[in-house]
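Single-structure report; data block below.
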Amino acid sequence: MNLQNKSKIEENIKSQESSEESDYESEETTLTTNEYQEYSNLLQTLIENQSAKPFLQPPDLDKRPEIIKDITGAIDLKTVQFNLKNNQYSSPNAIMRDIYGVFRFAYVYYLQDSLEWCLLDELTKVTEQLHNKIIDKSKSQQILNNNNNNNNN
């Protein structure tokens with residue numbers, strides 16, 4: 001696992017957080033049915049990935065008491081999935097913020113030369129690929145909708 005991916009994850013988290021604040025600051029929103037399905041599929045694919053095993057449940061903080069001060073809001077992929085199923089997310093950005101939060105926590109918890117860091121590297125790549133597909137699909141749908149609206153006018 002290289003530190004460049006860690007930096008990229010941190011940038012993604014900051015981007016999700018700032019986008020979340022600006023896009024959803026003043027209005028209460030809910031996920032569309034399509035968004036729910038897309039992100040539910042993304043999470044299921046991540047959870048089924050062989051690299052995800054260490055990130056499916058919260059790590060035992062008793063094994064690393066020295067890092068407790070660095071941990072805020074530790075979360076795992078199964079909890080993100082549970083939250084999604086129970087309508088705890090109001091936007092795709094909120095879901096991705098928590099997914100990247102799992103990764104950020106893992107960077108703090110696991111040692112740099114550990115197997116978990118290697119698995120995290122793989123899972124990060126898979127996450128980015130899946131998320132980019134969702135974004136591309138959404139953009140394509142928006143273009144189609146705009147073209148249809150223009151043709152109807």
Sequence neighbours left out, what passes side-chain hydrogen bond (donor to acceptor under 3.5 Å, both in side chains) with [X]? Give chain and number order.
{"X": "Q50", "result": "none"}
{"X": "K137", "result": "E38"}
{"X": "N41", "result": "Q37"}

How would you list, by chain and number, every residue that makes a side chain to side chain contact (heavy atoms under 4.5 Å, CB included) with [X], sequence neighbours excluded?
{"X": "L56", "result": "I47, A52, L77, K78"}
{"X": "N87", "result": "none"}
{"X": "K63", "result": "D60, Y109"}
{"X": "Q44", "result": "E48, Q81"}

Can you measure from [atom1] ([X]) to [atom2] ([Y]) and round to the nearest 0.5 angstrom?
{"X": "I99", "Y": "H131", "atom1": "CD1", "atom2": "NE2", "answer": "8.0 Å"}
{"X": "E35", "Y": "I95", "atom1": "CD", "atom2": "CD1", "answer": "7.5 Å"}
{"X": "Q129", "Y": "L42", "atom1": "CD", "atom2": "CG", "answer": "11.0 Å"}
{"X": "K125", "Y": "N49", "atom1": "NZ", "atom2": "CG", "answer": "12.0 Å"}
{"X": "K85", "Y": "L43", "atom1": "NZ", "atom2": "CG", "answer": "9.5 Å"}
{"X": "N34", "Y": "S138", "atom1": "CG", "atom2": "OG", "answer": "8.0 Å"}

If you look at every heavy atom in [X] and [Y], which pair is closest and at what distance?
{"X": "L84", "Y": "Y36", "result": "O-CE1, 3.4 Å"}
{"X": "M96", "Y": "Y39", "result": "SD-CE2, 3.7 Å"}
{"X": "Y110", "Y": "P54", "result": "OH-O, 3.3 Å"}
{"X": "A106", "Y": "W117", "result": "O-NE1, 4.0 Å"}

Report task. Taking the side chain as every heavy atom from C-beta outward, state whether I75 and N83 have any pair of such atoms under 4.5 Å apart. Result -> yes

Query raised in the report: Are the side chains of L31 and P92 in touch, meaning some heavy atoms are under 4.5 Å apart?
Result: yes

Query - Connected via hydrophobic side-chain network under 4.5 Å: L115 and Y107 - result: yes

Query raised in the report: Do you reckon Y100 sits in the same ILVMFWY cluster as V108, going by side-chain contacts under 4.5 Å, direct or chained?
Result: yes

Query raised in the report: Within the side chain of Q88, is there an N or O that forms a donor-acceptor pair under 3.5 Å with the backbone of N86?
Result: yes

Query raised in the report: Where do F103 and T127 land on the side-chain contact (heavy atoms from CB on, under 4.5 Å) test, with the steps shown first?
Result: CA-CA 10 Å; F103 301 156; T127 302; 3.4 Å; yes

Report task. Would you check if there is a donor-acceptor pair between the side chains of T79 and D76 at a distance under 3.5 Å? Result -> yes

Requested in this report: Verify side-chain contact (heavy atoms from CB on, under 4.5 Å) between T30 and Y89, making sure each step is shown before the conclusion.
Outcome: CA-CA 7 Å; T30 58; Y89 295 111; over 6 Å; no

